[in-house]
Novice: 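Once you've had a glance at the structure underneath, I'll fire off some questions.
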Amino acid sequence: MQYIQLNNGVRMPIIGYGVYLVDPSVTERCVMDALSVGYRSLDTAQYYENEAMVGAAVRKSGIPRNEFFITSKLCLSRPSYQRAKENVKGSLQRMRLDYLDLMLIHWPMGNDGEIWAAFEDLVKEGCLRSIGVSNFYPEQFDLLVRNASIIPVVNQIETHVFYQQRPMVAKMAEAGTAVESWGPLAEGLNGIFTNPVLTEVGAAHGKTAAQVALRFLTQQGIIVIPKSVHRERMIQNLDTLDFDLSDEEMEAVRGLDTGHNLEGWPSDALSYNPQDYRR
Ligand code: NAD
């Protein structure tokens with residue numbers, strides 16, 4: 001495994017296993033499979049309603065807790081400092097864990113400054129090792145860090161070959177915040193698994209289009225958390241750090257950028273012209 005050193009010195013695996021839309025009834029089995037093939041970083045969220053099953057698999061595995069990197073995400077209506085603190089403690093209770101390696105604000109919720117102050121205090125109390133954000137775009141990110149004592153360690157945003165997020169990647173590098181890709185396989189949309197460019201690059205390395213799409217991100221230092229409920233695909237997605245794309249191959253994949261997101265989430269309103277971001 002390769003690691004990204006976060007801005008607080010903590011090391012985070014560059015590949016993790018995400019469990020969005022993994023049905024709670026199969027989450028424990030899927031996470032056990034993921035652990036058995038070598039994943040140690042797990043990405044869940046309160047919103048996914050499968051935190052408890054992730055925690056159950058972690059305990060059942062018998063793997064020492066300090067070998068894991070476990071992320072969850074807060075989702076809160078009417079946010080306040082107190083409610084944010086209670087909410088995070090709810091995640092710990094559901095997962096039956098003493099601490100989380102990373103807690104994210106799932107998306108800007110309003111009153112994010114109060115949530116962040118609660119997160120910062122939970123770091124001091126030892127409940128959270130690292131804290132970050134998700135789906136924060138320039139305005140919301142700048143607003144949050146203006147009064148923050150701790151700079152977010154990651155910003156988890158939609159990032160994949162079809163939406164490469166070059167302005168955000170540059171902005172996060174400047175801020176010292178790692179980019180973590182959600183939907184690193186474009187959620188299976190846009191014909192990604194049969195895309196001719198990815199397939200051709202893959203053929204040169206004995207890899208699939210999916211593996212090329214993941215390597216394109218990790219080669220830039222972007223953390224990925226692909227989701228699959230199939231063991232053989234979990235293995236395939238992990239087996240992506242033993243090859244490098246050449247400069248020409250990176251350039252060819254850069255050409256797939258559309259400059260806009262696939263699903264039109266309102267928080268992803270950052271469209272840009274990929275031509276302005278040529279190397
Ligand atoms: P993804 O890009 O990981 O794609 C998943 C799809 O690709 C699934 O349909 C799966 O069957 C298929 N797939 C996976 N590996 C494959 C392979 N090797 N070959 C062929 N098909 C393959 O999409 P995702 O699950 O939405 O994103 C990954 C993770 O990111 C989520 O599980 C979740 O943890 C996180 N996430 C976060 C947010 C957020 O708002 N922060 C939003 C969405 C997802």
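In what follows, residues are counted from 1 in the order of the sequence shown. All ligand and atom numbering here is 1-based and tracks the order in the structure. In this text, all values refer to a predicted model and were calculated from it rather than measured experimentally.
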Novice: Between Arg65 (side chain) and Tyr99 (backbone), is there a donor-acceptor pair under 3.5 Å?
Specialist: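 Flag set: sc Arg65 to bb Tyr99 pair under 3.5 Å.
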Novice: Using the ring of each side chain (for Trp, its six-membered ring), is Tyr20 parallel, tilted or perpendicular to Tyr48, with breaks at 30° and 60°?
Specialist: tilted
Novice: Step by step, work out the side-chain contact (heavy atoms from CB on, under 4.5 Å) result for Arg231 and Val37.
Specialist: CA-CA 8 Å; Arg231 201 168 183 277; Val37 305; 3.7 Å; yes
Novice: Between ligand 1 and Ala210, is the shortest N or O to N or O distance under 3.5 Å?
Specialist: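 Checking ligand 1 against Ala210, no N or O pair falls under 3.5 Å apart.
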Novice: So which bit of Phe193 gets within less than 4.0 Å of ligand 1, heavy atoms only: side chain, backbone, both or neither?
Specialist: side chain
Novice: Distance under 4.0 Å to a non-hydrogen atom of Gly18: what atoms of ligand 1 satisfy this?
Specialist: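 Those of ligand 1 that fall under 4.0 Å from Gly18 are 32 (O), 34 (O).
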Novice: Please indicate whether any nitrogen or oxygen in Asp43 is less than 3.5 Å from any nitrogen or oxygen in ligand 1.
Specialist: yes
Novice: In terms of atom number and element, which parts of ligand 1 are under 4.0 angstrom from non-hydrogen atoms of His106?
Specialist: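 That gives atoms 39 (C), 40 (O), 41 (N) of ligand 1.
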Novice: For Asn87 and Gln46, which I'm curious about, is there any donor-acceptor pair between the side chains at under 3.5 Å?
Specialist: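 Checked: Asn87/Gln46 side chains pair up, N/O donor to acceptor below 3.5 Å.
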Novice: Quick one: does Leu214's side chain get under 4.5 Å of Ile15's, heavy atoms only?
Specialist: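 Not in contact.
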Novice: Please work out whether any backbone atom (N, CA, C, O) or any side-chain heavy atom from C-beta onward of Pro184 is under 4.0 Å from ligand 1, and answer side chain, backbone, both or neither.
Specialist: both
Novice: Specify side chain, backbone, both or neither for Gln236, according to which of its non-hydrogen atoms lie closer than 4.0 Å to ligand 1.
Specialist: side chain
Novice: If we set the cut-off at 4.0 Å for heavy atoms, which region of Asn237 has an atom near ligand 1: side chain, backbone, both, or neither?
Specialist: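 The answer is the side chain of Asn237.
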Novice: With heavy atoms under 4.0 Å as the rule, classify the contact between Trp107 and ligand 1 as side chain, backbone, both or neither.
Specialist: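 None of Trp107 does.
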Novice: For atom 14 (C) of ligand 1, tell me which residue out of Arg233, Lys227, Gln211, Gln156 has the closest non-hydrogen atom.
Specialist: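 The residue whose heavy atom sits nearest atom 14 (C) of ligand 1 is Lys227.
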Novice: Just by distance, no angles: are the side chains of His205 and Glu249 close enough, under 3.5 Å, to form a donor-acceptor pair?
Specialist: yes
Novice: Side chain, backbone, both or neither: which part of Asn135 comes within less than 4.0 Å of ligand 1 when only heavy atoms are counted?
Specialist: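 Contact part for Asn135 vs ligand 1: side chain (C-beta onward).
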Novice: Looking just at side-chain N and O atoms, do Glu51 and Ser91 make a donor-acceptor pair shorter than 3.5 Å?
Specialist: yes
Novice: For Phe119 and Trp116, take the angle between the two ring planes, folded into 0 to 90°, and tell me which bin it lands in: parallel under 30, tilted 30 to 60, perpendicular over 60.
Specialist: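 Phe119 vs Trp116 ring planes: tilted.
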